[in-house]
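Worksheet for the structure shown next.
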Amino acid sequence: MRIIRNSVPAAEGFRMPAEFEPHQGCIMIFPERSDSWQYGGYAARKAFVQVAEAIARSEKVTVCASEAQYDNARAMLPPEIRVVEMSSNDSWARDYAPTFVKNDVGEVRGIDWGFNAWGGLEDGLYFPWDKDNRMARKLCDLLDMDVYDKRDFILEGGSIHVDGEGTCMVTESCLLSKGRNPGLSREEIEDNLKKYLKVSTILWLPCGIYNDETNEHVDNICAFTAPGEVVLAWTEDVNDPQYAMSKACLDSLESQTDAKGRKLKVHKLPLPAPVCMTEEECSGLDICWDEPTRTPGERLAASYVNFYIANKSIVMPGFGDPMDEKAKEILQGLFPERQVVQIYARDILIGGGNIHCITQQIPVRALEE
Ligand code: KQY
């Protein structure tokens with residue numbers, strides 16, 4: 001594995017493919033952190049296993065597990081899933097596994113962005129985060145891929161979505177937050193995205209999902225379903241604080257065009273009713289640096305937009321809500337070639353994210369095409 005410091009992906013013809021382009025596989029990390037996951041991750045692990053199994057039906061899944069969890073992961077996961085021992089601070093593969101870029105002859109490389117637990121000492125969610133920050137490079141080594149070193153720029157994979165045709169979508173609340181790159185202007189941030197993802201247009205949405213502790217990652221509010229088409233998390237309840245946020249995103253999407261000059265077709269994806277922490281759930285969480293990570297009644301950032309596009313399926317969350325079925329139907333209509341699989345994901349949501357946040361796709365390489 002070469003660590004590339006003297007060049008950038010766009011200059012060498014590497015672009016980030018859209019998630020709906022073919023994958024060689026998917027990376028996940030086994031959960032165990034006791035202030036993120038109830039009862040040391042017991043229920044979360046079961047949900048992660050269901051997600052991994054669903055994805056593994058159409059692509060190779062690699063699950064990273066700690067030394068302590070390796071035997072358990074190997075026993076819980078089916079043989080076709082690869083389990084490797086790798087240290088991490090938590091389990092958000094979307095955010096700190098590499099972002100992969102690919103060139104026209106099918107070579108794939110990784111990008112190693114800086115990671116500071118969603119805001120570092122400003123408003124980050126745990127400390128330390130050093131093991132997470134080392135994962136992208138280790139994974140590129142494991143996958144035999146060269147890696148671009150961009151650790152001087154803080155970025156999580158969940159804070160970007162691309163259409164594979166020159167457009168990247170982000171939220172202002174996240175990319176312009178104080179805890180990430182306070183020394184960089186909006187233009188300098190755009191410039192990094194353009195050089196590293198090989199995009200020419202950045203769609204800036206103002207915000208994301210209410211109470212999303214990542215400073216409102218784009219992957220929880222809006223996602224590309226095809227070039228020129230997105231799904232947007234939506235509520236008709238004008239009294240819900242989410243209404244104004246979703247409406248602001250809709251207005252913003254309607255006022256912009258993508259890299260190909262298209263107006264975006266926006267499909268509204270309804271939200272479930274507010275999902276809030278119970279006393280019992282809170283009592284299953286350990287304390288993080290003298291503070292509880294969750295409080296009873298706290299609203300979680302539940303959204304059906306947080307789905308994963310696998311080669312032959314869409315793996316989406318369910319919350320035991322009457323809207324589960326409707327959201328599934330909408331996604332099935334938008335992805336007629338893929339089977340929509342819904343997994344009950346409350347135990348993932350408690351950790352602060354969902355199925356998209358715990359997965360990272362690896363584009364197919366020339367040899368596999
Ligand atoms: O990408 C995400 N949504 C991860 C959030 C992690 C929160 C840590 N509790």
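For ligands, and for the atoms within them, numbers begin at 1 and follow the listed sequence. Computation of the quantities below employed the complete heavy-atom set of this structure, encompassing side-chain atoms and omitting hydrogens, waters and symmetry-equivalent molecules. Numbers for residues simply follow the sequence, beginning at 1.
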Counting only pairs under 3.5 Å, give me each side-chain donor-acceptor contact of residues 299-308, with atom names and distances, residues two or more places apart or in other chains.
| unit_1 | atom_1 | unit_2 | atom_2 | d |
| --- | --- | --- | --- | --- |
| R299 | NH1 | D240 | OD1 | 3.1 |
| R299 | NH2 | D240 | OD1 | 3.3 |
| R299 | NH2 | D240 | OD2 | 3.0 |
| S303 | OG | N220 | O | 2.6 |
| S303 | OG | V305 | N | 3.1 |
| Y304 | OH | D324 | N | 3.1 |
| Y304 | OH | D324 | OD1 | 2.5 |
| N306 | OD1 | H356 | N | 2.8 |
| N306 | OD1 | C357 | N | 3.2 |
| N306 | ND2 | N220 | OD1 | 2.9 |
| Y308 | OH | H23 | ND1 | 3.0 |
| Y308 | OH | E59 | OE2 | 2.5 |

Under 3.5 Å, sequence neighbours excluded: what are the donor-acceptor pairs made by side chains of residues 39-48?
| unit_1 | atom_1 | unit_2 | atom_2 | d |
| --- | --- | --- | --- | --- |
| R45 | NH1 | P31 | O | 3.0 |
| R45 | NH1 | G40 | O | 2.8 |

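Protein residues having at least one heavy atom under 4.0 Å from any atom of ligand 1 are W92, D95, W118, L125, E213, T214, H217, G351, G352, G353, C357, listed by chain and number.
T293 pairs by the side chain to side chain donor-acceptor pair (under 3.5 Å) definition with nothing, not counting sequence neighbours.
In this structure, R134 forms no cation-pi arrangement with W129, as its terminal cationic atom is not both closer than 6.0 Å to the ring centre and no more than 45° off the ring axis.
Contact detail for I314 and L331: the closest heavy-atom pair is CG2-CD1, 4.2 Å.
With hydrogens and angles disregarded, a donor-acceptor distance shorter than 3.5 Å links the side chain of E216 to the backbone of G208.
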